[in-house]
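Atom set for the values below is all heavy atoms of this structure, side chains included, hydrogens, waters and symmetry mates excluded. Read the numbers this way: they start at 1 and go in the same order the structure lists the ligands and their atoms.
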Amino acid sequence: MRIKIPKDHPRAESLRTREQVVDAFQEGIVVPAGLIAHGRGEAFDYILGEKTSPLARRATRAAAAMFLTAEKPVISVNGNTAALVAKDVVKLANRAAAEIEINLFYRTKMREMAIENLLKRAGAKLVLGVSEETSARIPELASERRVVDSRGILLADVVLVPLEDGDRAEALVKMGKRVIAVDLNPLSRTSQKASITIVDNIVRTLPLLVKSVDKLRDCRAEKLDTIYQEFDNSENLRRCVKSIQEGLARLTAEETLGLS
Ligand code: PTJ
């Protein structure tokens, strides 16, 4: 069932994004747990004001610099990411010479194919993570996420992992990879374990990351190294938690609780 979202609804954008996830659920791209994960993200986004903060901008710039200095960057795509930002994933892959790899927690052949089709319709030429012949296992992981492509994540030096569960981010870091997470929850294990965490909604992050890559493209390698080395992820996360506290205080002060 489709609902018509009034244009002047104060949270129209958020509701449209929610509909996108629901549609993708009906197409077999998003799993039931993905709906729950999206709701959790919505709650954080609501408190954070549903806009990109200066902290997220700084993390995105550092992530762009890290991407541009990578020898083999890979964008890991799960159901929710495909549902929300397939076109931006392809744009980022083209602009940053990165591979796209499907990596699923709830892995089925049907979902792999549905997500591959979606990414190809969005313009992707090559989608890794779907061929049995090239599949490898990463150590220390029990979940289906351990299955990776031997041409992709296995060899990658930088991996973008949007909307992840904590185990894999930790395993990838242990393997010596630099991990860029996108997660609205600054307290999640993924956020805490990643090298750079962008605490923002993926629907805003990816277009901004593409812009940032374009802006930094002509910088010298030393300058790019400095940009991401100067970024302090723990400090940035601490400040994100503080902005959640401030967001809650603001919402209470404005007495907007329960209005939408
Ligand atoms: O497609 P699959 O099979 O790989 O499964 C994907 C899900 C999302 C079900 C799986 O990775 C999972 O269970 O993830 P978690 O552990 O719920 O973590 C998802 C994180 O993403 C949570 O911390 C959410 O707050 C956050 N999140 C949800 N939606 C967004 C988001 N962060 C940024 N932008 C969003 N739109």
Decide whether an N or O pair under 3.5 Å exists between [X] and ligand 1.
X: Leu104; answer: no
X: Leu163; answer: yes
X: Phe105; answer: yes
X: Phe44; answer: no
X: Arg145; answer: yes
X: Arg40; answer: yes
X: Arg111; answer: yes

Using a strict cut-off of 4.0 Å, indicate which atoms of ligand 1 neighbour a heavy atom of [X].
X: Leu84; value: 36 (N)
X: Ala37; value: 8 (C), 17 (O), 24 (C), 28 (C), 29 (N)
X: Gly34; value: 9 (C)
X: Gly79; value: 1 (O)

* Taking 4.0 angstrom as the limit, do Asp200 and Arg57 come out as a salt bridge? -> no
* Asked: Quick one: do Glu116 and Lys120 make a salt bridge, cutoff under 4.0 Å?
  -> yes
* Atom pair CD1 (Ile153) and CZ (Arg168), whose distance is rounded to the nearest 0.5 Å -> 4.5 Å
For [X], look at atom [atom1] and say whether over 12 heavy atoms of other residues, nucleotides or ligands are found less than 6.0 Å away.
X: Glu71; atom1: CD; value: no
X: Arg107; atom1: CZ; value: yes
X: Lys109; atom1: NZ; value: yes

* Asked: Do the side chains of Arg178 and Tyr228 get nearer than 4.5 Å, heavy atoms only?
  -> yes
* Do Leu48 and Ser243 touch side chain to side chain, with heavy atoms closer than 4.5 Å? -> yes
* Contact check, Glu42 vs ligand 1, heavy-atom distance below 4.0 Å -> no
* Does some non-hydrogen atom of Asp200 fall short of 4.0 Å from ligand 1? -> yes
* Nearest protein heavy atom to atom 3 (O) of ligand 1: under 4.0 Å? -> yes
* Asked: Hey, is atom 12 (C) of ligand 1 touched by any protein heavy atom at less than 4.0 Å?
  -> no
From the options [options], select the one whose nearest heavy atom is closest to [atom].
atom: atom 35 (C) of ligand 1; options: Asp167, Asn201, Val161; result: Asn201
atom: atom 22 (C) of ligand 1; options: Thr108, Asp183, Val30; result: Asp183
atom: atom 14 (O) of ligand 1; options: Glu164, Arg18, Arg107; result: Glu164

* Asked: Of the options Asp88, Ile202, Leu92, which is the one that meets Pro207 in a side-chain contact (heavy atoms from CB on, under 4.5 Å)?
  -> Asp88
* Start with the C-alpha distance between Lys211 and Asp214, add both sets of side-chain angles, then the distance that settles salt bridge (charged side-chain N to carboxylate O under 4.0 Å, His left out), and finish with yes or no. => CA-CA 5 Å; Lys211 268 193 202 152; Asp214 285 347; over 6 Å; no
